[in-house]
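Working notes, structure below.
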Amino acid sequence: MFLTFNPGPSQISQATIKDIGEAIDRSILSISHRSEQFKDIFRLAVENLRRYLCISESYKILFVSSATEAMEIVLRNCAGRSSFHFVNGAFSERFYKIAEMIGKDPVKLVAEYGKGFDLSEVNIPDQCDLICITHNETSTGYRWDYQEIQEVRSKYPGKIISVDIVSSALSEPLPVEEADIWFFSVQKVCGLPAGLGVIILNEKVISKSRELVERGSDIGSFHSLPVLYEKAEKYQTFETPNILNIFLFYKAMGRLCKIGIDEIEKKTREKAHIIYSWLEAHEHLRPFIEDPEHRSLTVVTVFLPEWIKCGVLAEKLGEMNIVIGRGYGDFSDSQFRIANFIAHSRKDVMVLIKSVDEVLERIGK
Ligand SMILES: *Cc1c(COP(=O)(O)O)cnc(C)c1O
């Protein structure tokens with residue numbers, strides 16, 4: 001077994017490995033998705049998440065198959081003619097690209113990778129009825145402050161705000177009321193196997209998608225929001241869903257409820273602090289995100305010195321059974337990324353730091 005700090009799919013906890021065994025022992029893998037047993041699992045998964053993140057009843061929780069799918073669903077169901085995108089990395093760019101692919105005529109405001117946006121200068125055109133924000137840009141480790149999302153919301157109260165929280169969800173409290181639709185997938189912070197996406201949305205969004213149908217828009221079929229919503233009310237999905245993952249999610253959320261989000265946030269911040277302090281004091285390494293206020297708590301992006309390529313570092317660490325995330329796109333050689341997720345213990349982080357330093361010392365000579 002190796003220890004992985006790749007941002008996703010990421011480290012799976014021992015508890016989840018046990019849950020997989022339990023799913024097999026209890027024959028969860030072959031129950032009918034129309035059975036009462038499945039409905040109970042679905043209901044408990046939703047209830048646990050609701051309890052953990054303090055999500056009020058006015059927000060609904062839906063299951064889809066990935067965050068990328070959620071992007072398309074959001075765009076089809078919430079953008080009439082056009083959507084507006086804050087782009088400062090590969091995932092926010094993906095959100096924009098999908099809007100283009102489905103013919104939504106999107107508008108983007110681009111910031112340099114690793115940098116943020118001057119919100120006082122932002123001017124969102126009238127034709128954009130949907131605003132898309134990537135809370136934690138996994139490709140660069142840039143994190144929006146929730147205060148800034150609130151600022152956008154108060155400036156544009158009539159528009160729908162959608163936030164991608166794939167690589168930050170569950171690690172800190174979520175100001176649910178500050179956006180209309182949130183989504184994440186489970187293979188990142190949550191540490192589950194890939195193949196399940198979660199959408200949290202309010203009534204305003206459902207009304208919007210119904211309005212779009214009336215205007216003749218294509219909002220999709222079995223994964224349109226109204227269909228997902230109607231089915232979820234009965235703890236069901238239209239298709240045969242990822243039953244195993246919904247079961248694992250219910251179990252993982254149950255454990256998180258017992259620990260509590262404040263404790264999880266505290267641990268996440270502590271580990272992030274250890275990593276950033278190490279980088280700031282480092283002779284050779286430095287954090288990519290310069291502004292400490294916008295440094296991700298969950299994905300730390302690190303600049304390497306010229307004399308070591310990410311591939312070499314990754315290979316040497318691999319020999320020690322440690323996996324790091326490669327730099328993204330243009331930065332694939334010059335950066336590496338460290339996931340700081342729930343399944344990563346403080347001890348794991350210390351092991352990583354020690355191992356990276358060992359490799360640098362060996363190569364540097
Ligand atoms: C990983 C990631 C996605 C894509 O998630 P999938 O589950 O692979 O579709 C989207 N947004 C962000 C911020 C991500 O980190």
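Just so it is clear, the structure is predicted and the values come from calculations on it, not from any experiment. Nothing fancy with the numbering, it's 1 onward along the sequence. Start at 1 and go down the list; that is how both ligands and their atoms are numbered.
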* To do: Just jot down the ligand 1 atoms closer than 4.0 angstrom to any heavy atom of R94, in number order.
  =>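 The atoms of ligand 1 under 4.0 Å from a heavy atom of R94 are 4 (C).
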* **Approximate separation, where rounding is to 0.5 Å, of L109 CG and I124 CD1** =>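 Separation between the atoms: 8.5 Å.
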So which protein heavy atom does [atom] come closest to, and at what separation?
atom: atom 7 (O) of ligand 1; value: S185 OG, 2.7 Å
atom: atom 5 (O) of ligand 1; value: A67 CB, 3.4 Å
atom: atom 13 (C) of ligand 1; value: T138 OG1, 3.2 Å
atom: atom 11 (N) of ligand 1; value: D164 OD2, 2.6 Å

* Qualifying residue for side-chain hydrogen bond (donor to acceptor under 3.5 Å, both in side chains) with Y96, from E100, E93, R94 ->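 When side-chain hydrogen bond (donor to acceptor under 3.5 Å, both in side chains) is applied between Y96 and each of E100, E93, R94, only E100 qualifies.
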* Asked: Strictly under 6.0 Å, is that where the ring centroids of W182 and Y59 end up?
  ->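 So the answer is no for these two rings.
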* Asked: For the ring pair F38 and Y235, is the centre-to-centre distance below 6.0 Å?
  ->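 That pair fails the under 6.0 Å test.
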* Between R295 and E280, is the closest basic N to carboxylate O distance under 4.0 Å? ->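 The answer is yes: the pair qualifies as a salt bridge.
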* To do: Answer with yes or no whether the side chains of Q37 and S35 bring together a donor and an acceptor at under 3.5 Å.
  =>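 On atom types as modelled, these side chains do not qualify, holding no pair under 3.5 Å.
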* Asked: Counting heavy atoms only, which of E72, H135, Q187 is nearest atom 6 (P) of ligand 1?
  ->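 It is Q187 that holds the nearest heavy atom.
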* When you measure from atom 1 (C) of ligand 1 to each heavy atom in E137, M71, E69, K188, which option holds the nearest one? ->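 Answer by nearest heavy atom: K188.
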* N136 touching ligand 1 at heavy-atom level, < 4.0 angstrom ->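 Checking ligand 1 against N136, which is what was asked, there is a heavy-atom contact under 4.0 Å.
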* Asked: Between H344 and F5, what is the ring plane arrangement, given parallel below 30°, perpendicular above 60°, and tilted in between?
  ->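 Correct class here is parallel.
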* Asked: What about T68: any of its N or O atoms under 3.5 Å from an N or O on ligand 1?
  ->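 T68 vs ligand 1: N/O contact under 3.5 Å present.
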